[in-house]
There are 2 protein chains.
Amino acid sequence: MSIAVVNKNAKRGSTVKPEAESTSVPSPSSAKVAPRDRIVTTACELFRQHGIRGIGVDAIAEAASTNKMTLYRHFGSKDDLVCETLRVTSEKSDAMWADIETRFPDDARAQLGAWVTALSDCLQRESFGCDIANAAVELKEANHPAHAVIENFKILQRGKLTGLCRRTGTKEPETLADTLLLLLEGARVSRQASGLEGPAQCFQRACRNTLNAFGIGTA
Amino acid sequence: MSIAVVNKNAKRGSTVKPEAESTSVPSPSSAKVAPRDRIVTTACELFRQHGIRGIGVDAIAEAASTNKMTLYRHFGSKDDLVCETLRVTSEKSDAMWADIETRFPDDARAQLGAWVTALSDCLQRESFGCDIANAAVELKEANHPAHAVIENFKILQRGKLTGLCRRTGTKEPETLADTLLLLLEGARVSRQASGLEGPAQCFQRACRNTLNAFGIGTA
DNA sequence: CATAGGTGTGACCGTTCGGTAACAAATGGC
DNA sequence: GCCATTTGTTACCGAACGGTCACACCTATG
């Protein structure tokens, strides 16, 4: 398939510098971070960049300045590692929710506005879509262990957003929440297929319009 | 990766029946369809079901009741075959546009309503998202030949929808078109991650609401 | 009937992949 | 210093993959 293969197996040139020779991805800054954490962080990054099927465990281990054996001692299989990265990603989403909550306590409208802003900013910065939705697209095998993680995250995300919409006092909070979710997922996948100049560029405006239509003027 | 491997190499039992032994996917009904067409049709189906990276050329050839050599005589590489399937898929989209045009000639509002209905129906039936957007998610390698096909399709689709919106006489037709595209892409990816009961279920309602907000009452 | 072009067959190549075995080196708590 | 746990290293396995070769077949056309 194509030329681009990321998995450079056995790059061990020379027996001199055993130092981790600056493997592109600088995620865990090689400081005193446990190998397990380095692996998870690096895997998150590489799965995003190359897709889950597009990167091998060898390459992940090497980029994490460790080796395959250590990886397999922490995660019984690549699938396990995939699940763990999805869990970590979903925890990051939890952190964003918590941050919004603390910034605008007891102000559902402001929180909803902040949610749109935060996701819009995220869309500008990162060229890759929702890792979890991407995983769902990529992993078609039914009974893949990741599906449980994906489903769980999506249900929680939907519940949180629906609750937030309900707290704004709008009628049909479920419809509002689902509409916003469709816009978000659409923007993320569209950004991958068409870039920032594509339909994704109107994500924020579309959200504001939707909020207005539901009687929620942005703060 | 997991257990599920679709590529059953060498299933050639016995030297008796050289007949095409009913290979699950019934796409090209084994009638007098040229091998090339059978391959494309089957590849479309299998890429959708298993993902582009999730199915091998061996399995495609076998499911198309032919063999790998014939496949490679028509398509120089798997990447070529991928591009061809994306082209065929985009032609199917063209056919839908033409159908809508003939059903509601010179009635942009009705055409837009029919577009929403058609895509909504499509969403109910097919459990897989937009093949082209899925390909964009799956094929991260820059300079993959499929990216040209994807980009071309997305630009054309956006142009057509924007034109249609403009013909309805609404103000900000670009924003309306992009919003609808985000809802569509979002619904398709959400359907894969969360099923029909997820946010995708409100796709049609969200589109109607959006059309109303832009002053386009549905016919 | 002969010939040519598309097709089928099966073996094969080189590579990558996920995963394991065996053993050496470091690390840290007692 | 001792010992147990954690890492690193290297080689290896079996399978699947994309892709090719040589050769037999079959069918339509002249």
Side-chain angles (χ1 to χ4, degrees), chain A residues 1-21 28 30 32-39 43 46-47 50-62 64-82 139 141 144-145, chain B residues 1-21 23 30 32-39 43 46-47 50-62 64-82 139 141 144-145:
Chain A
M1 199 94 170
S2 250
I3 331 94
V5 170
V6 188
N7 224 18
K8 48 184 90 169
N9 224 345
K11 197 250 298 273
R12 50 193 63 76
S14 72
T15 46
V16 259
K17 296 284 172 37
E19 188 61 18
E21 36 181 328
S30 80
K32 269 302 167 210
V33 180
R36 199 197 120 100
D37 296 340
R38 295 203 311 262
I39 291 170
L46 293 183
F47 285 153
H50 306 283
I52 294 174
R53 298 189 126 120
I55 194 79
V57 286
D58 264 310
I60 294 172
E62 190 187 350
S65 302
T66 178
N67 53 74
K68 197 160 53 166
M69 256 335 288
T70 300
L71 188 153
Y72 273 101
R73 277 189 278 246
H74 285 290
F75 310 94
S77 68
K78 184 183 182 180
D79 287 350
D80 280 7
L81 176 58
V82 169
L139 307 173
E141 307 112 358
H144 189 292
Chain B
M1 199 93 170
S2 250
I3 331 94
V5 170
V6 189
N7 225 17
K8 48 184 92 169
N9 225 344
K11 198 252 299 273
R12 55 193 58 77
S14 72
T15 47
V16 259
K17 294 281 172 40
E19 188 62 17
E21 36 180 330
T23 45
S30 78
K32 268 300 166 212
V33 181
R36 200 197 119 100
D37 296 340
R38 295 203 311 261
I39 290 170
L46 293 182
F47 284 153
H50 306 283
I52 293 174
R53 298 188 126 121
I55 195 79
V57 287
D58 264 311
I60 294 172
E62 190 187 349
S65 303
T66 178
N67 52 75
K68 196 161 52 167
M69 251 341 282
T70 300
L71 189 154
Y72 273 101
R73 276 189 279 247
H74 285 289
F75 310 95
S77 68
K78 185 182 182 182
D79 288 349
D80 281 6
L81 177 57
V82 169
L139 306 173
E141 306 112 358
H144 190 291

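What you see is a predicted model, and the numbers here were worked out from it, not measured in a lab. Just so we're on the same page: letters track the sequence lines, and every chain starts at 1.
Scanning all heavy atoms of the two residues, the minimum distance from A:Pro35 to A:Thr70 falls at CB-CG2, 4.0 Å. When every heavy atom of B:Asp79 is checked against every heavy atom of B:His144, the shortest pair comes out as OD1-NE2, 3.2 Å.
Distance check: A:Thr66 OG1 to A:Ile39 CD1 gives 5.0 Å after rounding to the nearest 0.5 Å. Atom NZ in B:Lys68 sits 11.5 Å away from atom NZ in B:Lys78 (nearest 0.5 Å).
For the pair B:Glu62 CD and C:dG8 C1', the interatomic distance rounds to 13 Å; values are reported in whole Å. Between B:Tyr72 atom OH and C:dC13 atom P the separation is 18 Å, expressed in whole Å. As a whole-Å value, the separation of A:Arg53 CZ from D:dG18 C1' is 16 Å. As a whole-Å value, the separation of A:Ile60 CD1 from C:dT16 P is 16 Å. The CZ-C1' distance, from B:Phe47 to D:dG18, rounds to 12 Å in whole Å. Taking atom CG of residue B:Asp58 and atom C1' of nucleotide C:dC13, one finds them 14 Å apart after rounding to whole Å. What separates NZ of B:Lys68 from P of C:dG6 is a distance of 22 Å, to the nearest Å. The separation between B:Phe75 atom CZ and D:dG18 atom P is 15 Å, rounded to whole Å.
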Pairs: protein N or O with nucleotides 3-8 of chain D N or O, under 3.5 Å:
{"residue": "D:dT7", "atom": "OP2", "partner": "A:His74", "partner atom": "NE2", "Å": "3.2"}
{"residue": "D:dG8", "atom": "OP2", "partner": "A:Thr66", "partner atom": "OG1", "Å": "2.4"}
{"residue": "D:dG8", "atom": "OP2", "partner": "A:Thr70", "partner atom": "OG1", "Å": "3.2"}
{"residue": "D:dG8", "atom": "O5'", "partner": "A:Asn67", "partner atom": "ND2", "Å": "3.4"}
{"residue": "D:dG8", "atom": "N7", "partner": "A:Arg73", "partner atom": "NH2", "Å": "2.8"}
{"residue": "D:dG8", "atom": "O6", "partner": "A:Arg73", "partner atom": "NH1", "Å": "3.4"}
{"residue": "D:dG8", "atom": "O6", "partner": "A:Arg73", "partner atom": "NH2", "Å": "3.4"}

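For the salt bridge (charged side-chain N to carboxylate O under 4.0 Å, His left out) test, residues two or more places apart in sequence or in another chain that qualify with B:Arg36 are B:Glu84.
Residues A:Val82 and A:Phe75 are not in side-chain contact: their nearest non-hydrogen atoms beyond the backbone lie 4.5 Å or more apart.
On a pure distance criterion of 3.5 Å, no polar donor-acceptor pair joins the side chain of B:Lys78 and the base of D:dG19.
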